[in-house]
S.K.: 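Just passing along the structure, written as structure tokens.
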Amino acid sequence: MPTLHPLLTKVFQGPLDLNGPVLGRLFYLFEYARSYVEERWEAFDARFGTDTSAPTFERNQKTSVHFYVPTTASVIYEILNSLALQPGKFTFVDMGSGKGRAVLIASEFPFKKVVGIELSEQLHRTAEQNVERFRPASQRCTAFDLRCMDALEYSYGDEPLVLFLFDPFGREILREVIANLEASLRSTPREAFLVYVYPQYEDVLKSSPLLRKMKVGGPKWQPWSQYVVYVASAADRTHELRREEEAIV
Ligand SMILES: C[S@@+](CC[C@H](N)C(=O)[O-])C[C@H]1O[C@@H](n2cnc3c(N)ncnc32)[C@H](O)[C@@H]1O
């Protein structure tokens, strides 16, 4: 999805923010209907006996925290099938894992470990129950690590990484999450993919000197299913980005 014009971005950050207190509620109703239709179509929960499809807007939720709604299952499969993953090498980390749908699907791929980081205790508990229930014959990884914590507190290990984000937070938190990732990649250079579904703050990724855009995907007529994949770049582009900034000024 193309990045929004900076002026529009400013407008959407204010009272018209789709995750803010006013439009957030309306957006939530839309997402509720969408998830309902999607579950009828994909039957993810119906097939696996899990509880991932209903969105959840917690009463005490900060406006800057985006509510829970699952990624469309077929989109997660499409993305993970497109990555060249050597079996047993990569760790999958879903930042803002909610009820755990992305974590469950990731366990059908040959990851070394599958990690879910979720702020809400209620969603975290539901994700734990879902992991107990999810036993498809196709499961290839059973090393789950679900943590109820703030994504900002998470410290990356030193393994190759697939970091998955489905619109979990606003620009400021995303910036900090990416800064933490960069610090980890600088101290332990390694292979890393960053998947960002509904990439409304993609500008944060674009300005990272350690990330390079690899792929854009998802159906054009479903903005919530559009995604970008970035890859950790071997070369640090700090100087290149600084030159670009200077040229603009
Ligand atoms: C749109 S949902 C994504 C759900 C899941 N990743 C999936 O694809 O099915 C975003 C989730 O991010 C969580 N979240 C928001 N801010 C967070 C933070 N700072 N740390 C951890 N989780 C957070 C929300 O509670 C919500 O469950």
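Atoms within each ligand, like the ligands themselves, are counted from 1 in listed order. Note that these values count all heavy atoms, side chains included, but never hydrogens, waters or copies made by symmetry.
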S.K.: I'd like the name of whichever of Ala127, Ala151, Ala73, Gly170 reaches closest to atom 18 (C) of ligand 1 through any heavy atom.
M.R.: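 That would be Ala151.
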S.K.: Could you tell me whether Arg133 and Asp51 have a side-chain N and a carboxylate O separated by less than 4.0 Å?
M.R.: no
S.K.: Need the ligand 1 atom indices (1-based, order shown) with element for anything under 4.0 Å from a heavy-atom of Val69.
M.R.: 1 (C), 2 (S), 3 (C), 4 (C)
S.K.: Could you tell me, atom by atom, which parts of ligand 1 come under 4.0 Å of a heavy atom of Thr71?
M.R.: 7 (C), 8 (O), 9 (O)
S.K.: Is the positively charged end of Arg147 above the ring of Tyr154, judged by distance under 6.0 angstrom from the centroid and angle within 45° of the axis?
M.R.: no
S.K.: Heavy-atom contacts under 4.0 Å between Phe67 and ligand 1: side chain, backbone, both, or neither?
M.R.: backbone
S.K.: Does Phe164 have a heavy atom less than 4.0 Å from any atom of ligand 1?
M.R.: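 Yes; Phe164 lies near enough to ligand 1 that a heavy-atom distance drops under 4.0 Å.
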S.K.: Drop me the distance from Thr50's OG1 to Gln129's CD, to the nearest 0.5 angstrom.
M.R.: 11.5 Å
S.K.: What part of Phe169, side chain, backbone, both or neither, has a heavy atom within less than 4.0 angstrom of ligand 1?
M.R.: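 Only the side chain of Phe169 comes within reach of ligand 1.
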S.K.: Do Ser97 and ligand 1 have an N or O pair less than 3.5 Å apart?
M.R.: no
S.K.: Enumerate donor-acceptor pairs with a distance under 3.5 Å from any side-chain N or O in residues 90-99 to protein atoms, sequence neighbours excluded.
M.R.:
residue	atom	partner	partner atom	Å
Thr91	OG1	Glu159	OE1	2.6
Ser97	OG	Ile117	N	3.1
Ser97	OG	Ile117	O	3.3
Lys99	NZ	Ala54	O	2.8
Lys99	NZ	Thr56	OG1	3.3

S.K.: For atom 12 (O) of ligand 1, which candidate among Gly96, Ser53, Pro70 provides the closest heavy atom?
M.R.: Gly96
S.K.: With a 6.0 Å cut-off on ring centres, are Tyr32 and Tyr36 close enough?
M.R.: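 Between Tyr36 and Tyr32, which both carry aromatic rings, the centre distance is not below 6.0 Å.
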S.K.: Regarding ligand 1, does Ser120 bring an N or O atom to under 3.5 Å of one of the ligand's N or O atoms?
M.R.: no
S.K.: Give the ring-plane orientation class for Tyr77 versus Phe109, where under 30° counts as parallel, over 60° as perpendicular and anything between as tilted.
M.R.: tilted
S.K.: Below 4.0 angstrom from a heavy atom of Asp94, which ligand 1 atoms are there? Numbered from 1 as shown, please.
M.R.: 5 (C), 6 (N)
S.K.: Should you measure from each heavy atom of Asp150, which atoms of ligand 1 turn up under 4.0 Å away?
M.R.: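 Under 4.0 Å from Asp150, ligand 1 has these atoms: 18 (C), 19 (N), 20 (N).
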S.K.: For ligand 1, is Leu123 a contact, meaning one of its heavy atoms is under 4.0 Å away?
M.R.: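 In this structure, Leu123 qualifies as a contact of ligand 1 - some heavy atom is under 4.0 Å.
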S.K.: When rounded to the nearest 0.5 angstrom, what distance separates CD in Glu118 from CG in Leu123?
M.R.: 4.5 Å
S.K.: Quick check: does any side chain N or O of Ser208 sit under 3.5 Å from a backbone N or O of Leu205, one acting as donor and the other as acceptor?
M.R.: no
S.K.: Could you state the interatomic distance from OH (Tyr201) to CD1 (Ile178), rounded to the nearest 0.5 Å?
M.R.: 14.0 Å
S.K.: Just verifying a value: how many Å separate Leu185 CG and Tyr156 OH, rounded to the nearest 0.5 Å?
M.R.: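 So the CG of Leu185 and the OH of Tyr156 are separated by 8.5 Å.
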S.K.: Atoms of ligand 1 less than 4.0 Å from Pro168 heavy atoms?
M.R.: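 Within the 4.0 Å cut-off of Pro168, ligand 1 contributes 10 (C), 12 (O), 15 (C), 16 (N).
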S.K.: Under 3.5 Å between any N/O of Asp167 and any N/O of ligand 1: does that happen in this structure?
M.R.: no
S.K.: Are any non-hydrogen side-chain atoms of Glu176 and Phe169 less than 4.5 angstrom apart?
M.R.: no
S.K.: Heavy atoms only, cut-off 4.0 Å: how does Ile76 contact ligand 1, side chain, backbone, both, or neither?
M.R.: neither
S.K.: Select one of side chain, backbone, both or neither to describe which atoms of Met149 lie under 4.0 Å from any atom of ligand 1, heavy atoms only.
M.R.: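 Answer for Met149: backbone.
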S.K.: Against heavy atoms of Gly98, which atoms of ligand 1 measure under 4.0 Å?
M.R.: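 So the atoms of ligand 1 that pass are 27 (O).
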S.K.: Ignoring hydrogens, just give me the one of Leu119, Thr126, Val103 whose non-hydrogen atom is nearest atom 22 (N) of ligand 1.
M.R.: Leu119
